[in-house]
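Just follow the structure's listing: the first ligand is 1, and inside any ligand the first atom is 1. All figures in this text were calculated on a predicted structure; none of them were measured in a lab.
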Amino acid sequence: MNICVMPGDGIGREIVAQALRVLDKVGAKFGKKFETQEALIGGCAIDATGGPLPEETVRLCKAADAVLLGAVGGPKWDTIDPAIRPERGLLGIRKELGLFANLRPASLFPELKHACYLRPDIVAKGIDLLVVRELTGGAYFGTPKGVEVRDGERVGFNNMIYSEHEIRRIAKVGFEAARKRRKQLCSVDKANVLDVSRLWREVVIEVSKDYPDVALSHMYVDNAAMQLVRDPSQFDVIVTENLFGDILSDEASVITGSIGMLPSASLGAGNPGLFEPIHGSAPDIAGQNKANPLATILSVAMLLRYSFSDMDEPAAAIEAAVQKALQAGYRTGDIREEGCKLVGCVEMADVVLANL
Ligand code: IPM
Ligand code: MG
């Protein structure tokens, strides 16, 4: 089993190094052998090759069974030509691998209740939702796009565009995911204003005919943003387009109080999936052994579960080891609390490894 590993920038290298220790250990424990190959993406790729997504990286990713990513970007590349920003590397590999479905689970670890930003009576109802974000369409990739001069002033524009087949395939992912959970799917759009959203809603309703066992609801994106903080317990699976999903998944993750805890999976039909923590490259704490490695370690669990048919058990073992580390009171700075055992990135991974 061949895994392409892209540490990327900032804290990416430290957290991925710890996640790979966990992968090794779980491989040894369950008798599986993982080959890993490292590839460049983002700022480090710009420094080494002049662009954020070298061809060699695309080749290595396509040849792998799965891809593990740390994070990309940092202040060093903030003033660079927008066409080759580090983020372009991430968008590029999503497109190259056809990773149209981004699964972002946001659930509250009972051990981390204190870190939650919401009122205790709201938290008491629980948070366990999954954002299914469309990842290769919409305003992120639509054309025409650009900035040009019209009538003597600059005009900027992007195009939020979806074809039926793109909506249908992500809707199916949403329904399938809901089927395996609490059987509630909320499709988020802006159908009261946007034409593209009207089509989105029509197609989602068409797809729902094949899923009579799943309760489908629709919500406008502005209301969804409000409901997420008012009562997140009402959500099971949310399916939405790329830009809305980008925004709502940040909101959904941060209300759990622990963006440093949450993994994600980006999947496409027939290609290796890409697994990464939801958080970014955190340049302010990079290289200081302060980063929380748990989101990346949990991304390895998702990688095993979604990329291989026979790895539910190792995946569950990783998740259990993470939970035990939290139960034993170990915390990195982002989730610290009174009386906890404050540890760094390496030490947190040590505790997870010990529990494995
Ligand atoms: C994310 C990030 C990316 C996105 C950026 C880094 C391009 O915010 O994965 O949510 O906007 O998709
Ligand atoms: Mg984002």
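The E87 neighbourhood of ligand 1 comprises atoms 6 (C), 7 (C), with distances under 4.0 Å to a heavy atom of that residue. Atoms of ligand 1 found under 4.0 Å from any heavy atom of R133, numbered from 1 in the order shown, are 1 (C), 4 (C), 9 (O), 10 (O), 11 (O), 12 (O).
Contacts between R104 and ligand 1, counted as non-hydrogen atom pairs separated by less than 4.0 Å, involve the side chain only.
Here the protein heavy atom with the shortest distance to atom 4 (C) of ligand 1 is Y140 OH, 3.5 Å.
Environment of CZ in R168: crowded, with over 12 heavy atoms of neighbouring residues, nucleotides or ligands closer than 6.0 Å. The neighbour count for E148 CD, taken as heavy atoms of other residues, nucleotides or ligands under 6.0 Å away, is above 12.
Taking 4.0 Å as the cut-off between side-chain N and carboxylate O, R13 and E38 count as a salt-bridged pair.
Nearest-residue assignment for atom 2 (C) of ligand 1 (options D246, I278, L91; heavy-atom criterion): D246.
Note: Y211 and F175 have parallel aromatic rings, judged against thresholds of 30 and 60 degrees for the angle between ring planes.
Residue contacts with ligand 1: R94 is placed with a nitrogen or oxygen under 3.5 Å of a nitrogen or oxygen of the ligand (distance criterion only). Taking distance alone, with nitrogen or oxygen atoms compared against 3.5 Å, E276 stays at or beyond that limit from ligand 1.
For residue D246, an N/O/S atom approaches the Mg ion (ligand 2) to within less than 2.8 Å.
At least one test fails for K190 against the ring of F244: distance under 6.0 Å to the centre or angle within 45° of the axis.
Counted by atom type alone, E347 and N289 present one or more donor-acceptor pairs between their side chains at under 3.5 Å.
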